[in-house]
Amino acid sequence: MEIDLESLKKQQIELSKKLILKDRINIDEIRYIAGIDTTFLNPYQNPTLAISSIVVIDIKSFEIVEKVLAEKEIDFPYVPTFLAFRELPVILEAYKKLEIKVDVFILDGQGILHPRRMGIASHFGVITDTVSIGCGKTPLYGKYQDPPNQDLAYNFIYDPKTNEKIGYALRTKKNTKPIFISPGNNISIENSLYVIIKSLNGYKLPEPVRLAHNFLSDYRKKLIGG
DNA sequence: GCGACAG
DNA sequence: ATCTTGTCGC
C-alpha cells in the first residue's frame, strides 16, 4: 500500500490544534482506568490481522471490571511517527464495545512526545474526546537524562525545538529501563505522571497496560492452538 | 547530509 | 510488533 505521508502529517497537525493539556477531571475522582494494547498476527506482513484489547480496572482494588477485544484486518505498515494510522482502526473497534464509563485511558505508545504532538495516545484522545495518557517503552522524541537507578525516579523530557516540558522518563522499578510518559489529551503533564504512578502494581508497566498485554498473549495462544 | 525513529 | 533459551543480577 502506498502512503502520502505529507497528507498524514497535515492531518496530525490539524488534530494537534484540538489538543487540551488541562485536567478535565479531578484527579481524586478517577476510579476506572483502562489499558489499551494491540498485537499483530504477523507484524512483518501487510495486510495482516490486528487484535486490540482494552482492560479496565478499579484503581481502588486493582480488580478487572471489564475487558474487551476486537479484531480487524489492517493494511498500513509501521512507520515511525505514524503509528496511529496503523493501530487506531482496531483500537476504535474495541473502544466501541466498552460498556463502562472509563475515566482515563493509558495507551501503549506516546502522547505528545512526538514531533507533531500527535502520538497514538493523543490521536486516540482527540478522536474519542476522552482523557488519555501515553506510556511508551522506548523513546521516540525529546531530550532527557536517564533518571537515577531507584524506584520512581524520573526526569522531564524537553522538546528540542522549544525547550518545553512535554513528558517524563520514569523508572518505575530499580534495575529496569525507564518508561516514557506524556499526556494524550484532556490531562496535564503533571497529572499524567501522577496517574501512571498510581496505576503501578509492582511491575515495570502500569497495571491496566500490563493486563491488556497479557490478555492479548493468552488470546493469541488460543488462536494458534485451536 | 547524517542519524534517529513508539509499535 | 513476534519467537525463545539461557544467563546475570538485585
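Note that the structure is predicted; figures quoted are calculated from it, not measured. Here is how names work: the chains are called A, B, and so on, in the same order as the sequence lines, proteins then strands, and each is numbered from 1.
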Side chains of A:Arg116 and A:Thr81: do they bring a donor and an acceptor to under 3.5 Å?
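Their side chains do contain a donor-acceptor pair, which is all the 3.5 Å distance test asks for.
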Have A:Asn155 and A:Asp146 got a donor and an acceptor in their side chains that come within less than 3.5 Å?
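Looking only at side-chain atoms, A:Asp146 and A:Asn155 do not form any donor-acceptor pair under 3.5 Å.
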Contacting residues from residues 35-56 of chain A, given that a heavy atom lies under 4.0 angstrom of DNA chain C
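Close to the strand are A:Thr39, A:Phe40, A:Pro43, A:Tyr44.
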Could you give all pairs that pass the ring pair (Phe, Tyr, Trp, His ring centres under 6.0 Å) test and reach residues 94-129 of chain A, with sequence neighbours left out?
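Checked against ring pair (Phe, Tyr, Trp, His ring centres under 6.0 Å) - neighbours excluded - the pairs reaching residues 94-129 of chain A are A:Phe85-A:His123, A:Tyr95-A:Phe105, A:Tyr95-A:Phe124, A:Phe105-A:Phe124.
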Any ring pair (Phe, Tyr, Trp, His ring centres under 6.0 Å) pairs touching residues 162-183 of chain A, not counting sequence neighbours?
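Non-adjacent pairs meeting ring pair (Phe, Tyr, Trp, His ring centres under 6.0 Å): A:Tyr144-A:Phe180, A:Tyr154-A:Tyr168, A:Phe156-A:Tyr168.
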State whether A:Arg117 and A:Glu164 are salt-bridged, where the test is any N-O pair (Lys NZ or Arg NE/NH1/NH2 against Asp/Glu carboxylate O) under 4.0 Å.
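Yes, this pair counts.
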Test: A:Lys101 and A:Asp103 ion pair at under 4.0 Å
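Counted as a salt bridge, because a side-chain N and a carboxylate O are separated by less than 4.0 Å.
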Just the rounded figure in Å: distance from [atom2] of [N] to [atom1] of [X].
X: A:Leu5; N: B:dC5; atom1: CG; atom2: C1'; answer: 13 Å
X: A:Lys221; N: C:dT2; atom1: NZ; atom2: C1'; answer: 12 Å
X: A:His114; N: B:dA6; atom1: NE2; atom2: C1'; answer: 9 Å
X: A:Glu71; N: C:dA1; atom1: CD; atom2: P; answer: 19 Å
X: A:Ile157; N: B:dA6; atom1: CD1; atom2: P; answer: 13 Å
X: A:Tyr219; N: C:dT2; atom1: OH; atom2: P; answer: 15 Å
X: A:Gln12; N: B:dA6; atom1: CD; atom2: P; answer: 14 Å

Do [X] and [Y] land in one hydrophobic cluster if side-chain heavy atoms of ILVMFWY residues count as linked below 4.5 Å?
X: A:Ile13; Y: A:Ile3; answer: no
X: A:Ile20; Y: A:Ile106; answer: no
X: A:Ile181; Y: A:Ile25; answer: yes

Other residues, nucleotides and ligands only: do more than 12 of their heavy atoms fall within 6.0 Å of NZ on A:Lys204?
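Yes.
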Counting only N and O atoms by type, is there a donor-acceptor contact under 3.5 Å from the side chain of [X] to the main-chain atoms of [Y]?
X: A:Thr48; Y: A:Pro43; value: no
X: A:Ser53; Y: A:Ala212; value: yes
X: A:Arg210; Y: A:Tyr203; value: no
X: A:Asn185; Y: A:Gly125; value: yes

Would A:Arg86 pass as a cation-pi partner of A:Phe40, given that its NZ or CZ must be under 6.0 Å from the six-membered ring centre and within 45 degrees of the axis?
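Yes, cation above the ring, under 6.0 Å and within 45°.
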Close residues, [range], relative to DNA chain B [heavy-atom separation under 4.0 Å]:
range: residues 129-137 of chain A; answer: A:Gly136, A:Lys137
range: residues 119-127 of chain A; answer: A:Gly119, A:Ile120
range: residues 80-93 of chain A; answer: A:Pro80, A:Thr81, A:Phe82, A:Leu83, A:Arg86, A:Glu87

With side-chain contact (heavy atoms from CB on, under 4.5 Å) as the test, pick out the partner of A:Ser122 among A:Leu19, A:Leu107, A:Leu113.
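Of A:Leu19, A:Leu107, A:Leu113, side-chain contact (heavy atoms from CB on, under 4.5 Å) with A:Ser122 is met by A:Leu19 alone.
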Residue among A:Ile133, A:Leu170, A:Leu152 satisfying side-chain contact (heavy atoms from CB on, under 4.5 Å) with A:Leu193
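It is A:Leu170, the one option of A:Ile133, A:Leu170, A:Leu152 that forms the side-chain contact (heavy atoms from CB on, under 4.5 Å) with A:Leu193.
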Sequence neighbours left out, what passes salt bridge (Lys or Arg N to Asp or Glu O under 4.0 Å) with A:Lys177? Give chain and number order.
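Expected list: none.
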Can you tell me which stems DNA chain C forms when a stem means 3 or more consecutive Watson-Crick or G-U pairs under 3.5 Å?
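None - DNA chain C has no stem of 3 or more consecutive pairs.
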Heavy-atom closest pair, residues A:Pro147 and A:Ala169:
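Nearest heavy atoms, A:Pro147 then A:Ala169: CG-O, 3.5 Å.
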Taking Watson-Crick (N1-N3 plus N6-O4 or O6-N4) and G-U wobble (N1-O2, O6-N3), each under 3.5 Å, can you produce the dot-bracket string of DNA chain B? Use [ ] for crossing pairs and | for inter-strand ones.
.......
Would you be so kind as to tabulate the donor-acceptor pairs closer than 3.5 Å made by side chains of residues 134-142 of chain A, with sequence neighbours excluded?
residue	atom	partner	partner atom	Å
A:Lys137	NZ	A:Asp108	OD1	2.9
A:Lys137	NZ	A:Asp108	OD2	3.1
A:Tyr141	OH	A:Asp159	OD1	2.8

Do nucleotides 3-10 of chain C as a string where each nucleotide becomes B, S or -: B if the base has a protein heavy atom under 4.0 Å, S if just the sugar-phosphate does, - if no protein is that close.
S------S
Please collect all side chain to side chain donor-acceptor pair (under 3.5 Å) contacts where either partner lies in residues 23-37 of chain A, sequence neighbours excluded, each pair once.
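Of all non-adjacent pairs touching residues 23-37 of chain A, those that pass side chain to side chain donor-acceptor pair (under 3.5 Å) are A:Asp23-A:Ser188, A:Asp23-A:Asn191, A:Arg24-A:Asp129, A:Arg31-A:Asp58.
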